[in-house]
Amino acid sequence: MTPLRVAIIGLGTVGTGVAKILLEHPDRMIRQAGRPIELKKAIVRDISRPRDITLPESVLSDDVQSVIEDDEIDLAVQLMGGIDPARKIMLSLLKAGKNVVTANKALLCEHGDELFQEARKQNRCIAFEAAVAGGIPIIHALGQSMTANQIVSIEAILNGTSNFILTEMLDKKRTYEDVLKQAQELGYAEADPAMDVDGTDAAQKLVILTQLAFGTKVNLEQFTRSGIDNLNLEDLEYADELGYKIKLLAVSKLINNELELHVQPTLVKKDRPLAAVDGAFNMVAMEGDAVGKTWYSGAGAGQMPTASAVVSDIIDIAIGRAQLGFDQLDLWQKQKPLPVCAADNITSRYYLRFHIEDKPHVFADIAAILGNNDISLASIIQHESSEDNVASNKSSAVQVPLVVMTHRTSRGNLISADKELEQLSSISAQRICLPVAD
Ligand code: NAP
Ligand code: HSE
């Protein structure tokens, strides 16, 4: 049996997991792929760094050119992360006639077009199951199992790090900084964790899902993107009190032949499956016009779940299945894109949280501004503060939290209200405004 010869470019968290599966389960590889899968090279930046794996002699190298020039290597697993030099290396690997498996969603989001064109030109394929939702086979589900449907909506938790932080903060009252540090140690976070917590990573994954589901290439500047980095524990607790969980939700929906897209921390009713997804788990709730609602959940980040998705792609390429699927994928090919709904026109109910001075007229001023901007109030929470507190602070009024739930309104109305609220000296600068999922 001729082996499939593989090189891993980047032996970090995910690359090490991939190498472990290939080296520890050769029989499983033969059974599933029909032939051996041989790890011929593993490329790193710093060859002297201690590794959590023992590799066969001469596999570890810092010379990526040795992979590009080795005609025996059929497949490169690109697990370097970032855009440069990952993009150049991937183009060179394709030009050298190698199929490529990657988990690099940043690269696919920014340069998928160019990379897919090059793969097609070279009659090679790119497999990327691990790029979205870690171990959940969502790319296969979209590309194979849902093809009888017009996808109507995708609502998803796509960043394991953010979901882990939100869960630990609420359940264990741990600080944001402490949990983020643990997410990095556990291998969930990106090399630059700012991409996890500011919504960029989830948005990159949403761009890929939107391309697959709706055949429309969007870029990150076309939709609202915010992360969990501004939230306080009190927001998670107020949401809890109101019957919701806050989740970093990525949404791509077809409404009146337009795409509604956004990535934002969002209040999700506790009885919805998405609200029950805790820790580094992800979930994709996807609706098709024939099948109706479907849910896919599992580990969205971390070494072995992500390696599971990468190795399944390697096996698909060994069998020849990925090449067939790649040709069929409606990806980055010329077609009429769907229009993207302007962010200001998207409507939702909203959770607003202010810190206000506990004194006469403050709430009346806020309510007037909201009302003047066509925003109707659904409920209000201001917990009673102690009279002593108020009395002892006559000159500088005590700051107290105020939470307002609105009826459905447009984002445009909210932004214009917020500009007026900013002028009120009785409200502190940090104002939180989160959508509520339907
Ligand atoms: P990582 O732990 O930071 O590993 C990156 C690897 O790439 C390291 O081995 C590093 O070498 C190597 N590398 C970086 N620059 C290089 C260069 N110029 N030349 C040669 N080697 C270079 O990253 P990771 O967490 O495994 O993630 C890899 C990719 O998978 C990223 O695109 C990430 O977004 C994606 N991903 C990660 C997860 C996850 O849970 N971690 C899940 C899904 C997708 P050294 O070891 O010598 O530094
Ligand atoms: N940093 C990413 C996350 C890894 O936390 O979800 C998986 O793509």
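Every number for a ligand or one of its atoms is a count from 1 in the order of the listing.
- For ligand 1, the 4.0 Å heavy-atom shell contains residues Gly10, Leu11, Gly12, Thr13, Val14, Val44, Arg45, Asp46, Arg49, Arg51, Leu79, Met80, Gly81, Pro85, Ala103, Asn104, Lys105, Ala130, Gly187, Glu190, Ala301, Gly302, Thr306.
- Counting non-hydrogen atoms of neighbouring residues, nucleotides and ligands closer than 6.0 angstrom, the OH atom of Tyr244 exceeds 12 such neighbours.
- Under a 4.0 Å heavy-atom criterion, Gly134 is not in contact with ligand 2.
- Comparing heavy-atom distances from atom 1 (N) of ligand 2 across Val197, Asn163, Val14, Asp196 singles out Asp196 as nearest.
- With Leu352 as the partner, the side chain to side chain contact (heavy atoms under 4.5 Å, CB included) test is satisfied by one option alone out of Leu434, Leu370, Asp418: Leu370.
- With sequence neighbours excluded, the residues forming a ring pair (Phe, Tyr, Trp, His ring centres under 6.0 Å) with Tyr238 are His383, listed by chain and number.
- Distances below 4.0 Å separate heavy atoms of Lys105 from the following atoms of ligand 2: 2 (C), 4 (C), 7 (C), 8 (O).
- Against a heavy-atom cut-off of under 4.0 Å, Tyr188 is close to the following atoms of ligand 2: 1 (N), 2 (C), 3 (C), 4 (C), 5 (O).
- Between Gly160 and ligand 2, at least one N/O pair is under 3.5 Å apart.
- Close contacts of ligand 2 with Glu190, meaning ligand atoms under 4.0 Å from a residue heavy atom, involve 1 (N), 2 (C), 4 (C).
- Just one of Glu168, Glu237, Glu234 meets the salt bridge (Lys or Arg N to Asp or Glu O under 4.0 Å) condition when paired with Lys173; it is Glu237.
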Run Lys181 and Glu177 through salt bridge (Lys or Arg N to Asp or Glu O under 4.0 Å) and show every step you take. CA-CA 6 Å; Lys181 191 163 162 280; Glu177 290 75 17; over 6 Å; no
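- Within the listing of ligand 2, atoms 2 (C), 3 (C), 5 (O), 6 (O) sit less than 4.0 angstrom from a heavy atom of Asn159.
- The nearest protein atom to atom 5 (O) of ligand 2, hydrogens excluded, is given as Thr161 OG1, 2.6 Å; this is a heavy-atom distance.
- Heavy atoms only, all atoms of each residue included: Ser252 and Leu261 are closest at OG-CD2, 3.1 Å.
- By the 6.0 Å contact criterion, CG on Asn123 is open, its count of non-hydrogen atoms from other residues, nucleotides or ligands being 12 or less.
- The six-membered or imidazole ring of Phe326 lies away from that of Phe128, with a centre-to-centre distance of 6.0 Å or more.
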Just list the side-chain donor-acceptor pairs under 3.5 Å for residues 222-230, sequence neighbours left out, or say none.
from: Gln222; atom 1: OE1; to: Asn219; atom 2: N; distance (Å): 2.8
from: Thr224; atom 1: OG1; to: Arg411; atom 2: NE; distance (Å): 3.4
from: Arg225; atom 1: NH1; to: Thr200; atom 2: OG1; distance (Å): 3.0

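- A heavy-atom separation below 4.0 Å is found between Lys205 and ligand 2.
- Of all atoms in ligand 2, numbered sequentially from 1 with element shown, those under 4.0 Å from a heavy atom of Ala301 are 3 (C), 4 (C), 5 (O), 6 (O), 7 (C).
- For the residue pair Gln122 / Lys98, no side-chain donor-acceptor distance below 3.5 Å is found, with atom types taken as modelled.
- Remark: Tyr188 pairs with Phe164 by the ring pair (Phe, Tyr, Trp, His ring centres under 6.0 Å) rule, at least two apart or across chains.
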